[in-house]
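Heavy-atom basis, side chains included; hydrogens, waters and symmetry copies ignored.
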Amino acid sequence: MANILNPANLTGAIVTLAVLTFLIKDNPVFDLFQHIFVGLYFAYSVGLTYHSYIKPTIADDILKKGFYSYIIPIILGLMVYFMFIPSLSWIARYPMSFWVGYGVGLTLGFQPAALFPQITSTFIKFWGLKTIGRDINAILLFVCVVTALAYFFFTVRKERTAVGYTAELGRWVIMIALGAAFGNTVLYRVTLFVGRMQFLMGDWLHILK
């Protein structure tokens with residue numbers, strides 16, 4: 001009984017049961033705890049960002065050490081908030097374009113390991129990979145990559161052409177890949193559900209040993 005009334009376990013059980021009420025249908029209890037979770041997450045993120053980055057940057061780096069160049073990214077960051085003013089929302093496009101360009105340039109110039117292995121992994125031998133299964137996988141990988149890329153050739157006429165038939169096969173390849181990704185997402189949700197059931201039945205009620 002003591003563990004059931006433990007504040008931490010009791011709070012976790014109430015929140016878990018409130019979230020699980022969504023399995024019946026959408027209801028005000030689920031909406032309330034959903035808003036509480038989102039509010040807590042953003043409040044924690046804002047506090048963590050302020051104490052770990054904003055405050056040290058302004059108080060130490062700029063005011064004490066004199067790194068006034070740090071004011072430039074601060075101004076760029078503040079420009080993003082112009083998106084909430086419809087008449088001046090175009091100003092927010094400048095920092096966004098700068099960040100996208102910086103991210104792409106940094107990745108291609110200094111962190112190619114995050115991109116190029118995905119490209120080079122498609123250039124493999126079609127046969128002679130010790131087993132027939134590996135040979136078949138190599139051929140399937142080549143076919144799937146080529147057909148999926150053909151699907152995105154929007155500037156090429158596809159009606160009743162070789163590119164069109166290839167793109168149609170690529171559409172099926174993309175659908176299968178997205179289905180597999182969705183299956184992994186469902187499996188992850190099931191894993192979370194099993195974890196919460198173990199908490200309710202084990203840590204809270206001690207039905208499971």
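Contact between A59 and L63 at its shortest, heavy atoms only, is O-CB, 3.6 Å. The shortest non-hydrogen separation linking A92 to V80 is CB-O, 3.6 Å. Shown here for A167 and A150, the closest heavy-atom pair between the two residues is CB-O, 3.7 Å. Between R134 and T131, the closest heavy-atom pair is CG-OG1, 3.1 Å. Taking all atoms of both residues into account, the shortest heavy-atom contact from T147 to C144 is OG1-O, 3.1 Å.
For L200, the side chain to side chain contact (heavy atoms under 4.5 Å, CB included) criterion is met by A13, T16, L17, L20, M197, W204, not counting sequence neighbours.
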- request: Under the side-chain contact (heavy atoms from CB on, under 4.5 Å) rule, what do F67 and T57 come out as? Steps first, then yes or no, please.
  value: CA-CA 9 Å; F67 295 156; T57 300; over 6 Å; no
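Note: the hydrophobic cluster containing V194 does not contain L187 (ILVMFWY, side chain heavy atoms under 4.5 Å, direct or indirect links). Hydrophobic clustering (ILVMFWY, side-chain heavy atoms < 4.5 Å, transitive): L169 and I176 are in distinct clusters. Under a hydrophobic clustering in which Ile, Leu, Val, Met, Phe, Trp and Tyr are joined whenever their side-chain heavy atoms come within less than 4.5 Å, directly or via other members, V190 and F182 fall into the same cluster. In terms of hydrophobic clustering, with Ile, Leu, Val, Met, Phe, Trp and Tyr side chains grouped at heavy-atom distances under 4.5 Å, F152 and V173 are assigned to different clusters. Y81 and I72 end up in the same hydrophobic cluster when Ile, Leu, Val, Met, Phe, Trp and Tyr side chains are linked at under 4.5 Å.
Aromatic ring pairs are classed by plane angle as parallel below 30°, tilted from 30° to 60° and perpendicular above 60°; the pair Y41 and F37 is parallel.
In this structure, R196 fails the cation-pi test against F193, since its NZ or CZ atom is not both closer than 6.0 Å to the six-membered ring centre and inside 45 degrees of the ring normal.
If you take CG on D61 and CD1 on I71, they are separated by 11.5 Å, rounding to the nearest 0.5 Å. Here the OG1 atom belonging to T107 is positioned 9.5 Å from the OH atom belonging to Y102, to the nearest 0.5 angstrom. With rounding to the nearest 0.5 Å, the separation of CG in D26 from CG in D31 is 4.5 Å. The CZ atom of F42 sits 11.0 Å away from the OG1 atom of T49 when rounded to the nearest 0.5 Å. Rounding to the nearest 0.5 Å gives a distance of 6.5 Å between CD1 of I91 and CE of M79.
Atom CH2 of W172 is surrounded by 12 or fewer heavy atoms from other residues, nucleotides or ligands within 6.0 Å. Taking a 6.0 Å sphere around CG of L192, one finds it holds more than 12 heavy atoms contributed by other residues, nucleotides or ligands. Within a 6.0 Å sphere centred on OH of Y151, heavy atoms belonging to other residues, nucleotides or ligands number 12 at most.
Side-chain atoms of F199 and N9, non-hydrogen and from C-beta on, do get closer than 4.5 Å to each other. Between F30 and I24, every side-chain heavy-atom pair lies at or beyond the 4.5 Å cut-off. I74 places a side-chain heavy atom less than 4.5 Å from the side chain of I62.
Listed for the N27 side chain is a donor-acceptor partner under 3.5 Å among the backbone atoms of T21.
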